[in-house]
Every structure is written in C-alpha cells, then in structure tokens.
S.K.: 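To start, I am sharing the structure in question, which I have written as structure tokens.
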Amino acid sequence: MSRSTGTLWQQLRSGSPICVVFYPHLAALERIVETVMLLAPEEWDIDRADDVEDAFRDPEIPLLLTTEDEAGAVEVLNGRRDQLEERSAPVILFLLKGGSGARALREAEGLESWVRGQQYDPESAEIDVDQERNDFKAATGLPPEEWLAAWRHGRIPDTLKNNFAYQRALLLTSRGDST
Amino acid sequence: MAYDWTRLAPHRPLKPRDPLHVRRPGDGGDEIARWIAAGADAVAIAGPVGSGKSTELAWAASSLWGRFVAVQVPLDKVLDMRRITEDQVFLQVAGRIAAVAHGALKLPLSAALEERLTRVRSAPPMLAPGVLTSPARDLLLQTLREVAESSHQGEIALLVDGLEKCAPSDALQIARALLELKGQARIVLIAPFTLVVGSGAHELLSSVDRLFFLHAVPVRQDMGARGEAGRAFLREIVRLRLDLSALPDDLVPLLDQAAVASGGVPRSFLQLVRAAGTYAALGVRETMMAEDLAEAMNDHIESLERLLVEGDIEELRRADGTTGVEIPEERRLRLLSHGLLLEYKTEAGDVVHPAPLLERALRKGVAP
C-alpha cells in the first residue's frame, strides 16, 4: 500500500469522528469513493449524503459526505464540530483539491486541527505493489492470495491482528493499485 | 499486547472531575481556579488549537466546586455558533445553572422561575419570537441570584466554552454581554485569539482581570528539566487513556519522539500516537515502531504544509527563538492560532518556535 493509501486506511480506523478526502475533479470522485469503500472496515454499513446535516444524525453510521457547497459544509462542521464528538463512525468529507471547501478548511482552524494528519490526497497515491506484497509476506509468512485462502478456510485464527492482515490482503489481491 | 489506540480520542476534551485528567506542568485549570478564588471577577483563556483549553476549563470547574457553584457552559455543544445571539446565550446559561441546581445541588427553585424556565425550554425564543415575555437577560439574572442565594456556596462561577467558534465580531459581542454579568457571577471564558492578541485585544483584555494563555508544553530536549516534565505529562496522558499500569519500555522513546514532534500541543501529540498505533496495525504489528511514527509524522507534515501561505516560511524562520512580535499582526495571529508558530513560557520570558514538523518546509523553503 502506498503511503497515501495507507493514510486512508489509517484514518478510516483511527476513531476520528471526521476525516477529509481530496479529489481532483468530479469525474474522479466516484473512483475515489470506491477506493474508500474498498479500504473501509468490512463490517461498516456506509451511508452517503449530500446534506451536511446528515453528519449530525446516526453517529454510529459511517458517512460519505459529498456536497455541492463544500465551503458551506466546512463552515457548518467547524461551527458545530463538538456535536460530532460522540460519533463512533466517521464522517468522510470529500473536498475538491484547491477548491472553496479546501480553502475554507484552511481558515477553519478548529476543524482543521481535528483532521490534521487525517487528510487523504489520492493524487500522490503511487503504489509499489511488489514492495507491498513482499512486506506482507515478510509480516505474515505467506503471499496475500495464499494467506487469504487460508483465512477463508478457517486456518488462521480470528484475532484483531489477523483482521488487519485480512484487510490488507484484500486490498493487495483485489486491486493492486487503488488509484 | 494490542492496544486500542482509538481510546486516545484526541478530539475529545475531558469533563469536570474526569479521572483521565493529568495536571499540566506549571500551569493549568488549578491556576485559573486559584485566581478566581483569590477574587478575580473575570478570566479569559486563550491558546492554540489543541492546547487543552476546554480540558483545563473543565478542570478549573472541578477545582472551584465547593467554594462556588461552578457551571460549565459549552455553548458550542448546543448552539449553532455561526448564528448565535446574546439572548440564546443568556437562555443557555440560565438553563445550565438551573440544571446544576436541580442535579448536583438538589436545590428547589421557586415555582415562578421554574415556570419561566420550562416555558423557554419548550419554546425557545429563537423558534417562537414573543413567547418569552421578559428579556432573556432578566431570566438569567433571576436564575443566577436565586441559585446563588439558596446554595451553600453563595456564589456562582460561569465557565463558558465555544466562543472561538463564532465569527470574531459575534465572539466580542457575546463576551461583552457575558462580562456585564461581573458582580453577579465570576466569569471564565475561552476567547478566540483575535480578542486577546494584537490591536483588537484591548477591549477584552481591559474587561478581564487576568488572561490565562495556555502555552504549548515544553518538550524539546534543549529545554532541560522543563522539557522532561512536559514529555512526562504527555506520556502520562497516553498511559491513562490506554488504561495501562505502566508504559512498556519500548514505547517510551517513541512517545517522547512524538512529544517533541508535536511541539507540546496535546492534541497533536495524541493524533500522532494514535495514527502511529494504527499504522502499526496496518503493518500487522502489535505495538508501534519508529517507522509507524514516521508515517504519522509525514501525514501531519502534509497537513501543516497545506496551511502555509506565501511569506510564512521567511517569517517563521526569522521569528524562531524570538518573542514573535515582529511578525505582522494578521499573519502572527494566523500562525499562532493554527499552531504553526508555538509560544513557550521560559525563565527568560515568552519565546516562539515554528511547529517542529515544519522543519522540512523551513529547510527546503517549500512554497505553498
């Protein structure tokens, strides 16, 4: 997994109530949404909304928030961010790179500090598949396909550690390059 | 053992009497409480994002309890801070005081006051103009006086959080309105940077008895014993939040590295540690390693560098180790409030340093 894709994997599991994903243009947005869905924990039942008010409902449901008025959404989320505190699943806010929402985020110092280090920019997500596969094998003793097969046959114990390995194996086998 | 790093919850301030609270080295909520107990009518708290203002406000409330009816008012949790009005604030404060009277104090309020408060709760004036017959400020004064008089403490301390989320002009207006309550209650409020630093600071600073500036905690190796005390403070936060009897030896140097990288800002520190721990899980490792922390730091570096605008790097370089007052005001306010420039209290006075994770940008002169 590339560093940038790793960032996305990390931020989806960090417990942060909100994180940000940048996209370069609308045509790429759906592809990036797919990447997010792919990397999300398997047990998540993800919702998608275009109304920022949805961020304040159903705190246990992960929410992909793609709004037309991105700057307005940032303003609302910044002003009411403490109402997001109890979310057990994140709001994943999509912002056009360099757009009005991204600029508004720079001004929204409180919200920005919440998502510091929790910002995924897929444009730099260059994946070195070979390196990642080697790393996986070094960590688990098996290539991802074999590890996945063993997992599916119940030969690998269902531990927290192995669940993480499962996510990683899925990513490496289903899409070599997540971008 | 595998740690649950999400328990670090960097975004969540602690509540009054929270067992997870760790006393800051040198300054914190205890000092604010001492000022109030010593007679200060009004105290403003300011500091960079993530420095622990809300947590220390809650701790001050805990410390004041007993001598005062300490009422914490987190405006931002109940109001839309973009459209806030004085009346809404007064009604919220009145409601919180009544809630404390009913809850912690078990105080009966007069039937007339209960009736008015109930009417307001069921139909707030913002939703139904005209329902409230007396101005919101009157209702607040009535609540303040009645609770103060019937409580054994005899005096109320209001600890107000959330003004930094308003537009600066709204924040000033609300602060003004709250500070008019001096004499009826002691006031502690978290103020946005714009109200306490620079040329716009005069009005608020002349209306409060003390400004409590929550500096970044000293963490640098060259800060000697103070730096070690700061790092120990941050380590202890992790120990408590992860519910460990002691920190494992292999984790301590990594936490110290994260502490230094954070510049002593607790939220940044916790974000770095949480992210490093999650990266360790991605690497199918039970505990974090230096490479995990490096990944977390890289993510933060990218976020911080996104905040830089033209001219910042030169100013940050020039300001390093000085008081920072030479930086033009608007830029200084932005750098300080975002935590791109961090202020430290030293024996020789206050000095500023750029956030440590901007080191790459400062070295290379990365243009935004």
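Quick note: numbers below take in every heavy atom, side chains included, and nothing from hydrogens, waters or symmetry partners. Throughout, a chain's letter reflects where its sequence line sits, starting with A, and its residues are numbered from 1.
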S.K.: Going by atom types only, do B:Y279 and A:S14 share a side-chain donor-acceptor pair under 3.5 Å?
M.R.: no
S.K.: Using a 4.5 angstrom heavy-atom cutoff, name the option from B:R334, B:H300, B:M81 with the most pairs to chain A.
M.R.: B:H300
S.K.: To the closest 0.5 Å, what do you measure between OG (B:S262) and CZ (A:R116)?
M.R.: 11.0 Å
S.K.: Step through the shown structure and confirm whether more than 12 heavy atoms of other residues, nucleotides or ligands are within 6.0 Å of CD on B:E330.
M.R.: no
S.K.: Is it true that a side-chain atom of B:S303 and a backbone atom of A:G117 form a donor plus acceptor pair closer than 3.5 Å?
M.R.: yes
S.K.: On a heavy-atom basis, which atom in A:E85 and which in B:H11 lie closest, and how many Å separate them?
M.R.: O-NE2, 3.5 Å
S.K.: Could you check which of A:G110, A:A102, A:A108, A:P17 has the highest count of heavy-atom pairs closer than 4.5 Å to chain B?
M.R.: A:P17
S.K.: Given a strict heavy-atom distance threshold of 4.5 Å, which part of A:E75 is in contact with chain B: side chain, backbone, both, or neither?
M.R.: both
S.K.: Given side chains that start at C-beta, do those of B:T278 and A:W9 come closer than 4.5 Å, heavy atoms only?
M.R.: yes
S.K.: Determine whether more than 12 heavy atoms belonging to other residues, nucleotides or ligands lie under 6.0 Å from atom CD of A:E60.
M.R.: yes
S.K.: Between B:E302 (side chain) and A:Q119 (backbone), is there a donor-acceptor pair under 3.5 Å?
M.R.: no
S.K.: OG/A:S113 to NE2/B:H338 distance, rounded to the nearest 0.5 angstrom?
M.R.: 8.5 Å
S.K.: Could you tell me which portion of A:Q10 (side chain, backbone, both or neither) has an atom closer than 4.5 angstrom to a non-hydrogen atom of chain B?
M.R.: both
S.K.: Distance-only, no hydrogens or angles: does the B:R306 side chain make a donor-acceptor pair with backbone N or O of A:R106 under 3.5 Å?
M.R.: no
S.K.: Side chains of B:K165 and A:D82: closer than 4.5 Å at any heavy-atom pair?
M.R.: yes
S.K.: Given a strict heavy-atom distance threshold of 4.5 Å, which part of A:V76 is in contact with chain B: side chain, backbone, both, or neither?
M.R.: both
S.K.: Within this structure, what is the CZ-CZ distance for the pair A:R13 and B:R274, rounded to the nearest 0.5 Å?
M.R.: 13.5 Å
S.K.: Mind ranking B:P13, B:G277, B:G339, B:S268 by heavy-atom pairs under 4.5 Å with chain A and telling me who comes out on top?
M.R.: B:P13
S.K.: So, taking the atom named CG in B:L307 and the one named CG in A:L105, what distance separates them when rounded to the nearest 0.5 Å?
M.R.: 7.5 Å
S.K.: Would the number of heavy atoms belonging to other residues, nucleotides or ligands and lying under 6.0 Å from CG of A:D45 be above 12?
M.R.: no
S.K.: At a 4.5 Å cut-off on heavy atoms, which part of A:F22 comes close to chain B: side chain, backbone, both, or neither?
M.R.: side chain
S.K.: Can you tell me which of A:Q83, A:E109, A:R80, A:E107 forms the most heavy-atom pairs within a distance under 4.5 Å of chain B?
M.R.: A:E109
S.K.: Should the heavy atoms of other residues, nucleotides or ligands under 6.0 Å from NE2 of A:H25 be counted, would the total exceed 12?
M.R.: yes
